[in-house]
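Note that these values count all heavy atoms, side chains included, but never hydrogens, waters or copies made by symmetry. First listed ligand is number 1; within each ligand, the first listed atom is number 1.
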Amino acid sequence: MKLLVLNGPNINMLGIREPAVYGTATYADLCTLIRDHADKLGVEVEIYQSNHEGDLVDKIQAAYGNTDGIVINPAAYTHTSVALLDALKAVGIPTVEVHISDVSKREEFRQISFVRAYCRATIAGHGFAGYTEAMDLLAAEAKA
Ligand code: DQA
């Protein structure tokens, strides 16, 4: 089984950006957590981060036919991107949406998520653990 973990803009700044919201652990720490969890689950994982919407669309398209599940934190593109929603629908790969912070308790403009319409589940406000929970959901679905 192969999972793709996608992160959108500014997630590479974890540890530096708004620590009161996102914590002090870094993007490298997040990648280590994801890789360790993939080992525990016995699945292959690819991790990708981009600050550019089109790069994320390209990565989703490239997953077609070779990836069993996608974990996506589209970051700010959550609230703006029909292109990411369309790309996920195009490839038809089971996907779980993750947010480190609890977006439901934040600004009005963060209340909309375009990708949510396609995703199996949304995990928000669980910090980095949201990523491993999403991986568990996708691994369980693939085994079912
Ligand atoms: C985020 C929440 C988004 O609203 C924000 O733009 C991000 C990160 C989160 O993980 O909590 O960049 O997706």
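- Exactly one residue among Val115, Ile72, Val71 makes a side-chain contact (heavy atoms from CB on, under 4.5 Å) with Thr95. That residue is Ile72.
- For Asp136 and His37, the side-chain atoms include at least one donor-acceptor pair closer than 3.5 Å.
- With hydrogens and angles left out, the side-chain atoms of Thr32 and Asp29 include no donor and acceptor closer than 3.5 Å.
- Side-chain N/O atoms of Glu97 and Ser113 include a donor and acceptor closer than 3.5 Å.
- Judged purely by distance below 3.5 Å, without hydrogens or angles, the side chains of Glu53 and Asn51 never pair a donor atom with an acceptor atom.
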Find all protein N or O atoms under 3.5 angstrom from an N or O atom of ligand 1 and list the pairs with distances, or write 'none'.
{"from": "ligand 1", "atom 1": "4 (O)", "to": "His79", "atom 2": "NE2", "distance (Å)": "2.6"}
{"from": "ligand 1", "atom 1": "4 (O)", "to": "Arg110", "atom 2": "NH1", "distance (Å)": "2.8"}
{"from": "ligand 1", "atom 1": "6 (O)", "to": "Ala76", "atom 2": "N", "distance (Å)": "3.2"}
{"from": "ligand 1", "atom 1": "6 (O)", "to": "Arg110", "atom 2": "NH1", "distance (Å)": "3.2"}
{"from": "ligand 1", "atom 1": "10 (O)", "to": "Asn73", "atom 2": "ND2", "distance (Å)": "2.8"}
{"from": "ligand 1", "atom 1": "10 (O)", "to": "Ile100", "atom 2": "N", "distance (Å)": "2.8"}
{"from": "ligand 1", "atom 1": "11 (O)", "to": "Ile100", "atom 2": "N", "distance (Å)": "3.3"}
{"from": "ligand 1", "atom 1": "11 (O)", "to": "Ser101", "atom 2": "N", "distance (Å)": "2.9"}
{"from": "ligand 1", "atom 1": "11 (O)", "to": "Ser101", "atom 2": "OG", "distance (Å)": "2.6"}
{"from": "ligand 1", "atom 1": "12 (O)", "to": "Arg17", "atom 2": "NH1", "distance (Å)": "3.1"}
{"from": "ligand 1", "atom 1": "12 (O)", "to": "Arg17", "atom 2": "NH2", "distance (Å)": "3.1"}
{"from": "ligand 1", "atom 1": "13 (O)", "to": "Asn73", "atom 2": "OD1", "distance (Å)": "2.8"}
{"from": "ligand 1", "atom 1": "13 (O)", "to": "His99", "atom 2": "ND1", "distance (Å)": "2.8"}

query: Yes or no on side chain to side chain contact (heavy atoms under 4.5 Å, CB included) for Tyr131 and Asn7, after CA distance, side-chain angles and deciding distance?
result: CA-CA 11 Å; Tyr131 289 84; Asn7 281 295; 2.6 Å; yes
